[in-house]
Amino acid sequence: QVQLVESGGGLMQAGGSLRLSCVASGLTFSRHAMGWSRQAPGKEREFVAAVDYSDRTYYADSVKGRFTTSRDNAKNTVTLQMNNLKPDDKAVYYCTAAETKTGQELRDYQTWGQGTQITVSS
């Protein structure tokens, strides 16, 4: 059974930074693309970022240049560094795992963590 456990959420002022981490278990981590998605109040879930098996990264236009995702296969960990946070970044952030080695759309990711809240004050 695949488990994804996020950590690092919290409250930050606009312009600040936060770092999310996700530890995965129950899968051969290096063979799966890993991603991040989010859901803001009253909105649908949206793709944020992903890193595939070859360390290629993908980003939503809304976070490009501000967020960076990376993976450490030795530690089964994926991280999301969020800089220059904006009030619109407020959402529950989910770590996600794809069944395949690559994926750059929300539908590519079938396994989700429990989520962690990010709040950005203006």
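Below, all heavy atoms of this structure are taken into account, side chains as well, without hydrogens, waters or symmetry copies.
With contacts defined as side-chain heavy-atom distances shorter than 4.5 Å, the pair V78/V51 qualifies. Looking only at side-chain heavy atoms (C-beta outward), Y94 and T116 stay at 4.5 Å or farther from each other. Inter-residue side-chain proximity for W36 and T96 is flagged as unmet; no heavy-atom pair is nearer than 4.5 Å.
Annotation: the span from L85 atom CG to Q13 atom CD amounts to 11.0 Å, rounded to 0.5 Å. To the nearest 0.5 angstrom, D52 atom CG is 11.0 Å from D108 atom CG. We find the CG-CG distance between L27 and N76 to be 6.5 Å, quoted to the nearest 0.5 Å. Atom-to-atom distance recorded for H32:NE2 and T111:OG1 is 8.5 Å, nearest 0.5 angstrom. In this structure, K75 NZ and S21 OG are separated by 10.0 Å, a value rounded to the nearest 0.5 Å.
Hydrophobic cluster membership is shared by V92 and F47, with clusters built from Ile, Leu, Val, Met, Phe, Trp and Tyr side chains linked at under 4.5 angstrom.
Side-chain contact annotation: Q39 with E46, donor-acceptor N/O pair under 3.5 Å absent. Side-chain contact check for T102 and Y58: at least one donor-acceptor pair (N or O, by modelled atom type) lies under 3.5 Å.
Closest non-hydrogen pair, S122 versus A14, comes out as CA-CB, 4.3 Å. Taking each heavy atom of G103 and A33 in turn, the nearest pair found is N-CB, 4.0 Å. Looking at every heavy atom in both residues, C22 comes nearest to L4 through SG-CB, 3.9 Å. Taking all atoms of both residues into account, the shortest heavy-atom contact from V2 to G26 is CG2-O, 3.6 Å.
Summarising the local packing, OH of Y53 is surrounded by 12 or fewer heavy atoms from other residues, nucleotides or ligands at distances under 6.0 Å. The 12-atom threshold is not exceeded at NZ of K43, counting heavy atoms of other residues, nucleotides or ligands nearer than 6.0 Å.
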CA sep, side-chain torsions, deciding dist, call: R45, L106, side-chain contact (heavy atoms from CB on, under 4.5 Å): CA-CA 8 Å; R45 288 185 178 182; L106 188 66; 4.2 Å; yes
Give the C-alpha distance, both sets of side-chain angles, the deciding distance and a yes or no for side-chain contact (heavy atoms from CB on, under 4.5 Å) between M34 and C95. CA-CA 7 Å; M34 299 297 297; C95 176; 3.9 Å; yes
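A distance-only check finds a donor-acceptor pair linking the side chain of Q110 to the backbone of E99 [under 3.5 Å]. In terms of modelled atom types and a separation under 3.5 Å, the side chain of Q114 and the main chain of V5 share no donor-acceptor contact.
Contacts of Y109 classified as ring-ring contact (aromatic ring centres under 6.0 Å, His included), with partners at least two apart in sequence or in another chain: none.
Taking the centre and axis of the six-membered ring of F29, the NZ or CZ atom of R71 falls inside the cone set by 45° and 6.0 Å.
Identified under the side chain to side chain donor-acceptor pair (under 3.5 Å) test for residues 77-89, with sequence neighbours left out: S17-N83, R19-Q81, R38-D89, R66-D89, S70-T79, Q81-N83.
Between Y93 and F67, the ring planes are tilted. Angles from 30° to 60° get that label.
Each of K90, M12, M82 was checked for a side-chain contact (heavy atoms from CB on, under 4.5 Å) with I118, and the lone residue meeting it is M82.
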